[in-house]
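Below: the structure, in structure tokens.
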Amino acid sequence: MVRKPLRQWMLRITAYADRLEKDLESLDWSEGIKKLQRDWIGRSTGAEVDFYIGAKENVATWKSDRSASGFPRKPDSDVLRVYTTRPDTLFGATYMVLAPEHAAVESLTTDEQKSAVEDYVAKAAAKSDRDRQDDKTKKSGVFTGAYAINPINDKPVPIWIADYVLASYGTGAIMAVPAHDTRDFEFAKQYDIDIVPVVQPTDNDDIDLEKLAAGEICFAGMGTAINSEQYDGTPTAEFKQKITQSLGSMGVGSEAVNYKLRDWLFSRQRFWGEPFPILHELNQEQYSKGAVEFTGKVRTVADKDLPVELPKFDNFNVQEDAGAGNEYAPPLDFADEQWLYPEIDGVVYKRETNTMPQWAGSCWYYLRFIDPKNDKVFVDPELEKQWMPVDLYIGGAEHAVLHLLYARFWHKVLFDRGHLQTKEPFQKLVNQGMILGDIEFTGYQDGNSNWVSSNDVHRDEERQPITKSGEALTPVKIDPDDAQKSGNTFVLKEDSSISVDSRAYKMSKSRGNVVTPDNVVETHGADSLRLYEMFMGPLEQAKPWSTAGVSGVRNFLDRVWRLVVEGDKDADKNEAQNEITLSSAVVDTPPNEEQTRVLHQTIKAVTQDIEKLSFNTAIARMMEFANFFTKQKQRPKECLSQFLLLLSPFAPHIAEELWSVLGNENTLAYEPWPEFDEALTIESSVEVPVQIMGKIKARLNVPRGTSKDDLEKIALADEKVVELLKGKNIMKTVVVPDRLVNFVAK
RNA sequence: GGGGGUGUGGCGGAACUGGCAGACGCGCUAGAUUUAGGAUCUAGUGUCCUUUGGACGUGCAGGUUCGAUUCCUGUCACCCCCA
């Protein structure tokens, strides 16, 4: 593999880093996701410091010049500028490191080191940023032969090149403080560079001070300054401020903010993607001779010609040596001439042939959905005002840092350009949990097919199962019927000394535990599938699939069906009923008191549970309703109609069907949501437990709202309580009306 | 290594601001009905003990409280993400 620099389109998301971080505050998102975004943006405050690399004898002059001129916005060529989050460790900076791509590498390298440096730079170019930052691989680097001057103490420090420093972070150069940075430490050990500790850990840090002083260990925490001349004894936080200020007045440093967030590479060398509406002007003379040469001028495609559509095409591969200076040309470079070289006002242009990534759609689809047919603007401001922001966004946590950050960025750009009235697109965010495969039992066998208890199974570096001595083990899938519970684990039925793993795995083709929704719809129906997914457990939690559980909700829907429809004894469960007739139990009379109460309790619970996105408990309450009304010989139509409205968002098909069976003319979709009357949900009497020393000993049936005093009297009069309290002193009585009575007695 | 999350019956899970642990469903057991049922209905189903009854019980160990699944401290295990 070879890494080649390509000319690409970037979006300057870094310009929005600050706002993308700050505005998170206003959002109703989980702290976990907010933290992920904050960390991704990676705002840090520290200082930029210039190290002099000019001739040694000129250091004093440079310094006096700087104290007069102050810290320049851009570094001059006689300095190396570094960014550090720990300016307080400046006295411990014993070397500097440049990224291999740093612009100063060539000029700094001495003749003796030249070939070594060139070799190293070439090797680093072949590695990805990811590999370079991998902690597991050994640090590598090469000395340039040059030195820089540490501005705080005028000591010369060697300048190295190493690929653990990335050109894209900070200034592409660092001051290395091996005593207080783990990567610098590792590197210094490897190349035998001085290690000078300058931070004394506080007493509660468990650090061996002697080893630290000897340069044998590294301490990355905060503490107080040592070996830092006049700053000795200053606490880290205070030191940071002081030294930054001091560097500032010397003109060699300045407070700086840095972000881990990089600008966003936004072009792809693919056919399928939105074309950039950009035209490159061609040298007209050359073009007339059949040659393509750019003048360097670009213009955007006129509004009236938008959107740029992809040309008809049959070659979708990236081509090598496509000409026009592109060593690797995107497919669109091979589009027909008419598309590729439009002429405007007598000037011929070449279209941009990179295309946009998928994000180009996902970053603003929610805006277009508001007004999808508008051919004047991408969204009517009135409609935007009415609909935005998105009230509730339910999505997977895998979008935490990419999609959700990118979309926020676009939204802010559009806001700044005056196209939107909202600063943030997604007000509330909920991450739904993943549905895992069915629970599996796994046992382990050694080479002789003997079972090995899962307690004795270890994992090698690739997480493969091995024995303690390192022998490879084979995982064996076990039939649930062959496993049983024993204490906290599952064991084999045939040998209870062998424990087995039990867990649900992410659905994957390779594991073969994928459940296809279409198949479930086929066997159980779409309503059952939808209802089951909502019934499985809390929305945000990962939970294992269970096909048996689908039958459970299907049974519920069947019971609901029979609440309304006369049972057909000949009908098979999975076949359509021949004749659908209203059940004789359905009556047109008003509900009795208990039926009214159950209805209103159900409306209340379901309504509130939906608000909380607690769909599993909402469904449980509807099951209770169905169980209750199944037992009712007379089922008032009114109750059933209201119930069907509650059910309709969960199981729309059956609800609509039964709505019609009940004799309603129109669809239930336009019916108002049922309302409950709080007064009708309350039962007149309530059972109150009586505890003695915190143990329940009796239960009282009393009118709701019985006062504290009355409740205590009633409790004390209870036969059982009297008997148990005989000969004891009541030390304390706790009475919570409608809840409980507790006697503390000895 | 860093960050986030989760631990409650055989299983998925309930439990409002600390107040009857196990709602609801699956599974299991028994009964009714049925030519039959993997259909339906009814009842039971945390564990242990000698029963009427009692003891124990929300990963583990402590603490606060009349009272803790819930609050606090410590600890263990697992999952996810990042490195």
Quote, to the nearest angstrom, the [atom1] distance that separates [N] from [M].
N       : M       : atom1 : answer
rG38(B) : rG44(B) : P     : 22 Å
rG3(B)  : rA61(B) : P     : 27 Å
rG74(B) : rC24(B) : C1'   : 36 Å
rA77(B) : rU65(B) : P     : 32 Å
rC81(B) : rG67(B) : C1'   : 40 Å
rU42(B) : rC26(B) : P     : 13 Å
rU70(B) : rA15(B) : C1'   : 10 Å
rC76(B) : rG59(B) : C1'   : 7 Å

Check your understanding: Q432(A) and G396(A): which non-hydrogen atoms are nearest, and at how many Å?
Key -> OE1-N, 3.2 Å
Starting from [atom2] on [N], measure out to [atom1] on [X] and report it in whole angstrom.
X       : N       : atom1 : atom2 : answer
E678(A) : rC16(B) : CD    : P     : 17 Å
D438(A) : rG27(B) : CG    : P     : 13 Å
L539(A) : rG13(B) : CG    : P     : 13 Å
D609(A) : rA23(B) : CG    : P     : 16 Å
M434(A) : rC81(B) : CE    : C1'   : 11 Å
K612(A) : rA14(B) : NZ    : C1'   : 11 Å
R38(A)  : rC82(B) : CZ    : P     : 19 Å
M536(A) : rA14(B) : CE    : P     : 12 Å

Nucleotide of [options] approaching [X] most closely (side-chain heavy atoms):
X       : options                   : result
R562(A) : rC24(B), rC41(B), rC66(B) : rC41(B)
N627(A) : rG12(B), rC24(B), rC41(B) : rC24(B)
K506(A) : rA23(B), rG67(B), rC81(B) : rC81(B)
P544(A) : rC24(B), rC20(B), rG12(B) : rG12(B)
E687(A) : rA23(B), rC20(B), rA55(B) : rC20(B)
K543(A) : rU42(B), rG13(B), rA21(B) : rG13(B)
I696(A) : rA55(B), rA23(B), rC20(B) : rC20(B)
K35(A)  : rA55(B), rG13(B), rG3(B)  : rG3(B)
V734(A) : rC26(B), rC66(B), rA55(B) : rC66(B)

With distance as the sole criterion, is a donor-acceptor pair present between the side chains of [X] and [Y] under 3.5 Å?
X       : Y       : result
Q37(A)  : E21(A)  : no
R43(A)  : N258(A) : no
Y83(A)  : S44(A)  : yes
D677(A) : H600(A) : no

Review point. Does the base of rC16(B) carry an N or O that pairs as donor and acceptor with the side chain of R739(A) under 3.5 Å?
Key: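 Indeed there is one.
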Which is true for [X] with a 4.0 Å heavy-atom rule: it touches a base, it touches only sugar-phosphate, or it touches nothing?
X       : result
K631(A) : sugar-phosphate
E31(A)  : nothing
R559(A) : sugar-phosphate

Does the structure show a Watson-Crick or G-U wobble partner for [N], both distances under 3.5 Å? Name it, or say none.
N       : result
rU45(B) : rG27(B)
rU40(B) : rA32(B)
rG67(B) : none
rU17(B) : none
rU6(B)  : rA77(B)
rG57(B) : none
rG1(B)  : rC82(B)

Should [X] and [Y] count as an ion pair when the cut-off is N to O under 4.0 Å?
X       : Y       : answer
K713(A) : D709(A) : no
E624(A) : R621(A) : yes
E25(A)  : K34(A)  : no
K604(A) : E678(A) : yes

Point to revise | Syn/anti label of rG9(B) as read from its glycosidic torsion, with the cut at 90° from 0 | key: syn
Point to revise | Nearest-nucleotide 5' precedence on RNA chain B, F556(A) against A542(A) | key: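 Nearest nucleotide further toward 5': that of A542(A).
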Check your understanding: When the nearest nucleotide of RNA chain B is assigned to V688(A) and to N742(A) on a heavy-atom basis, which residue is associated with the more 5' position?
Key ->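 Looking at RNA chain B, the more 5' nearest nucleotide goes with V688(A).
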Respond yes when some side-chain nitrogen or oxygen of [X] is under 4.0 Å from OP1 or OP2 of [N], and no when none is.
X       : N       : result
N616(A) : rG25(B) : no
Q691(A) : rG19(B) : no
R554(A) : rG25(B) : no
R621(A) : rA14(B) : no
N555(A) : rU40(B) : yes

